[in-house]
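What follows is one structure encoded as structure tokens, with my remarks underneath.
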Amino acid sequence: MSSEASQAEASGSDLRGGWRRADSPQRRAMHLLAQAAAPERRVMGGALAGLAAAALLEAFGPVLAKLFIDRHLLPRNSELATMVALLVGVLLAGSVASTLRFWQLTRMAGLAMRSVQRLRERVFDHVLALPMAYFDRSITGQLVSRVTNDTEAVKALYVQVLFVMLDSLIVLAGALVAMAWLDWRLMGIVALLVPAVFLIVWIYQRWSAPAVARSRALRSDLNAGLSESIAGMAVLQATNAAGAFRERFGRSNEAYYQARQAELRANAWLLRPALDLINLLLLCVVIWVFGLREFGGGLSAVEVGVLYAFINYLGRVTEPLIQFTMQFSMLQQSVISAARVARLLDEPTTPLPPGAGTIGPGRVALRRLGFAYQPDTPVLHDIDLVIPAGGFYGIVGHTGSGKSTLLALLLRFYPPSTGQILLDDAPLASLDEATLRATVGLVPQEPFLVADTVRENLDMGRGLDEATLQAAARAAHADGFIRQLEDGYETKLGEGGARLSVGQKQLIAIARALAGRPRILLLDEATAHVDSDTEQIVQSALEALRGQVTVIAIAHRLSTIRHADRIVVMNHGRIDEQGTHAELMRIDGGIYRRLYELQQLEGPGGALERRAEKPKASSADPNSN
């Protein structure tokens with residue numbers, strides 16, 4: 001069972017536990033929904049007033065019909081003007097009530113769309129502020145389901161459930177008041193329907209809540225599995241793993257089908273059929289009591305118009321209750337979806353420092369830096385390193401030595417476990433987010449491109465001017481091939497930059513980083529997947545930055561950083577060697593020398609660097625690079 005489905009079991013248990021606990025999913029969900037709809041209080045108030053007016057007009061219709069029967073139909077009193085007035089009154093009351101209800105449904109639909117828009121934006125903003133550690137344990141498909149499917153289910157709550165339930169309750173109250181005015185004793189009999197309905201709803205909630213929670217969770221698992229399979233389709237087909245993934249998807253799909261079946265069985269037994277039966281029994285009781293009154297029972301005779309009005313009102317009482325219970329299934333789904341969104345919003349975001357802070361020339365200092373993803377498994381140990389402003393430092397080491405982890409700490413994706421990072425003598429933790437991101441650029445190993453124009457991929461919403469973008473492209477040696485595209489900087493690149501080669505994508509990524517005019521540029525395996533020609537272009541771009549920008553480059557391909565001012569060699573989370581290329585090559589048995597010689601034997605991008613690894617001195621996170 002997936003973690004998502006396990007959480008669903010807990011949610012189902014919480015739902016059965018009722019509304020009393022302050023931390024129950026219902027309370028959290030309703031609090032979230034109230035926050036989303038808070039700016040729409042006036043719209044909600046107007047909708048309630050309109051529904052109340054519609055209910056009053058609907059309740060007035062049977063009273064006019066009773067007067068028509070008692071004063072004109074049975075006595076055969078044919079006062080044409082009065083009869084027409086009563087019939088027009090019935091028609092007018094029904095027409096105005098229907099019009100008001102239509103208007104309020106339209107208003108509620110607008111309220112729902114605006115509330116869900118605010119909620120979805122709030123969720124996405126929150127996801128953007130989550131720490132990287134959260135994404136290490138989360139599944140992309142499930143996150144997408146939170147932002148899209150679950151917020152869409154909340155819209156159904158506002159439009160269908162909330163409107164129908166409010167309308168039903170108001171109509172029910174109006175009908176009961178009108179019935180009490182006509183005959184409070186018969187109204188007392190009909191009112192027995194209300195506790196019966198609440199009993200059915202209570203039983204339904206306890207029966208269906210676990211199935212509803214599990215079905216929502218399994219749908220997220222289906223989305224996650226589908227997203228994962230599509231993203232890795234080339235690998236699935238190349239490794240003949242399609243059958244195994246098909247079976248895994250089939251198991252998830254079968255579990256979802258069974259959960260939906262359990263939910264539908266509860267609907268079939270406890271909603272419409274049970275209420276229709278109760279409605280029929282009440283109708284028989286009302287007619288039976290009326291018969292007792294008419295044929296010598298202990299009660300006095302009543303008018304036929306009262307019987308007509310009560311039968312009419314009985315339908316108006318039972319139909320809202322039926323609608324109320326029929327919407328309860330959707331209410332549970334919406335509440336569970338809202339609770340899942342609330343859990344995501346409860347995830348703590350990355351704390352941002354209050355101070356502004358500044359970065360000057362770009363000097364970087366690491367002071368006894370240590371880090372561990374898990375408390376008992378350190379990845380970095382007492383790293384001490386000073387990188388002068390404008391310096392070009394390369395960081396190399398075998399897989400798992402902690403290179404990418406060090407880069408993640410420099411980007412403040414994770415806080416250090418021990419020690420500190422200083423940028424121009426200012427603690428990294430003290431710099432505000434805008435300053436840090438504006439002055440520290442990143443070129444990742446896998447270039448990220450959006451399905452938009454070249455210009456937008458360079459700008460990334462920063463509002464940079466044309467001259468800055470083109471200057472950055474020239475500095476990255478990307479301006480030439482960009483101008484050769486059919487629309488130049490306005491060329492649409494497709495999803496993931498599908499129209500570009502791997503090398504061109506990497507040059508776009510470098511140009512994007514340079515467009516922000518960073519003081520510090522971090523490169524994470526920027527030449528790992530490019531050909532030798534593109535590597536030389538990248539080397540030329542880095543050489544042009546020497547002395548202007550502090551460059552820290554992680555590289556498996558050692559030729560990329562051969563001419564760096566200093567090369568730092570990491571081994572199991574520690575700095576084992578450092579120096580220039582020439583200095584490191586003079587170390588007999590050194591890690592760098594072995595790595596370099598192996599790559600010279602294999603050619604660029606050799607995969608045998610692990611042979612150069614020294615014996616392991618301490619444990620390191622297997623996921624770090």
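All values reported here derive from a predicted model rather than from experimental measurement.
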Quiz prompt | Close side-chain approach of Leu422 to Arg367, heavy-atom, < 4.5 Å | solution = yes
Quiz item: Is a side-chain N or O of Asp424 found less than 3.5 angstrom from the main chain of Ala426, in a donor-acceptor match?
Solution: no
Quiz item: Does the ring center of His572 lie less than 6.0 Å from the ring center of His381?
Solution: no
Quiz item: Does the gap between the ring centers of His563 and Phe392 come in under 6.0 Å?
Solution: no
Exercise. For the residue pair Gln504 and Ser501, establish whether any side-chain heavy-atom pair is separated by less than 4.5 Å.
Key: yes
Self-check item: Derivation and outcome, side-chain contact (heavy atoms from CB on, under 4.5 Å), residues Leu464 and Leu458
Solution: CA-CA 9 Å; Leu464 303 177; Leu458 295 176; over 6 Å; no
Exercise. Step through the shown structure and confirm whether more than 12 heavy atoms of other residues, nucleotides or ligands are within 6.0 Å of CZ on Phe135.
Key: yes
Quiz item: Does Asp565 come within less than 4.0 Å of Arg546, counting only side-chain N to carboxylate O?
Solution: yes
Self-check item: Smallest separation among heavy atoms of Ala372 and Pro378, with atom names
Solution: CB-CA, 3.6 Å
Quiz item: Is the shortest heavy-atom distance from the side chain of Val551 to the side chain of Leu522 under 4.5 Å?
Solution: no
Practice problem: Specify the closest pair of heavy atoms between Leu584 and Gly579, including all atoms of both residues, with the distance to one decimal. | Solution: CD1-O, 3.7 Å
Quiz item: Mind checking whether Asp524 and Val443 have side chains closer than 4.5 Å, heavy atoms only?
Solution: no
Quiz item: Is there side-chain contact between Val364 and Leu366, with heavy atoms separated by less than 4.5 Å?
Solution: yes
Self-check item: Backbone N/O of Met570 and side chain of Asp576: donor-acceptor pair under 3.5 Å
Solution: no
Quiz item: Could Asp588 and Arg593 be called an ion pair, given the rule that one side-chain N must be under 4.0 Å from one carboxylate O?
Solution: yes
Self-check item: Any donor-acceptor pair under 3.5 Å from Gln548 side chain to Ala544 backbone
Solution: yes
Exercise. Find out whether Ile383 and Ile575 are in side-chain contact, i.e. whether some heavy atom of one side chain is under 4.5 Å from a heavy atom of the other.
Key: yes
Quiz item: Checking Glu347 side chain against Tyr134 main chain: does a donor-acceptor pair fall under 3.5 Å?
Solution: no
Exercise. Look only at the side chain of Arg574 and the backbone of Leu380, and say whether a donor-acceptor pair between them is shorter than 3.5 Å.
Key: no
Which side-chain N or O atoms in residues 509-517 pair as donor and acceptor under 3.5 Å with protein atoms at least two apart or in another chain?
from   : atom 1 : to     : atom 2 : distance (Å)
Arg512 : NE     : Asn457 : O      : 2.8
Arg512 : NH1    : Phe448 : O      : 3.0
Arg512 : NH2    : Phe448 : O      : 2.5
Arg517 : NH2    : Thr468 : OG1    : 3.3

Quiz prompt | Sidechain-backbone polar pair: Glu577 side chain, Val568 backbone, donor-acceptor under 3.5 Å | solution = no
Quiz prompt | Gap between atom CZ of Arg120 and atom CG of Asp125 - 0.5 Å precision | solution = 13.0 Å
Exercise. Check whether any side-chain N or O of Ser401 sits under 3.5 Å from a backbone N or O of His398 as a donor-acceptor pair, and report yes or no.
Key: yes
Exercise. Evaluate the criterion side-chain hydrogen bond (donor to acceptor under 3.5 Å, both in side chains) for residue pair Tyr414 and Thr405; output intermediate values, then yes/no.
Key: CA-CA 9 Å; Tyr414 304 90; Thr405 297; over 6 Å; no
Quiz prompt | Test item: Leu218 and Ser252 side chains (from C-beta on) under 4.5 Å apart, heavy atoms | solution = no
Practice problem: Check for a donor-acceptor pair, side chain of Thr435 on one end and backbone N or O of Leu431 on the other, with a separation under 3.5 Å. | Solution: no
Quiz item: Got a second to check how far Arg594's CZ is from Met585's CE, nearest 0.5 Å?
Solution: 12.0 Å
Quiz prompt | Donor + acceptor pair across side chains of Tyr489, Asp479 (<3.5 Å) | solution = yes
Self-check item: SB check Arg368 Asp382 (cutoff 4.0 Å)
Solution: yes
Quiz prompt | Validation row: Leu442, Leu411 side chains within 4.5 angstrom (heavy atoms) | solution = yes
Exercise. Please determine if Glu525 and Arg557 form a salt bridge, counting it only when a charged side-chain N lies under 4.0 Å from a carboxylate O.
Key: no
Quiz item: Tyr592 vs Tyr596 aromatic rings, parallel, tilted or perpendicular, using cut-offs 30° and 60°?
Solution: parallel
Quiz item: Just checking, is any N or O donor in the side chain of Gln470 or Arg483 under 3.5 Å from an acceptor N or O on the other one?
Solution: yes
Practice problem: Without swapping roles, check the side chain of Thr439 against the backbone of Arg519 for a donor-acceptor pair under 3.5 Å. | Solution: no
Quiz prompt | Salt bridge present between Glu121 and Arg118 (N-O < 4.0 angstrom) | solution = no
Practice problem: Look at Lys492 together with Asp452 and state whether they make a salt bridge at an N to O cut-off of under 4.0 Å. | Solution: yes
Exercise. Output yes when a side-chain donor or acceptor of Thr550 lies under 3.5 Å from a complementary backbone atom of Arg363, and no otherwise.
Key: no
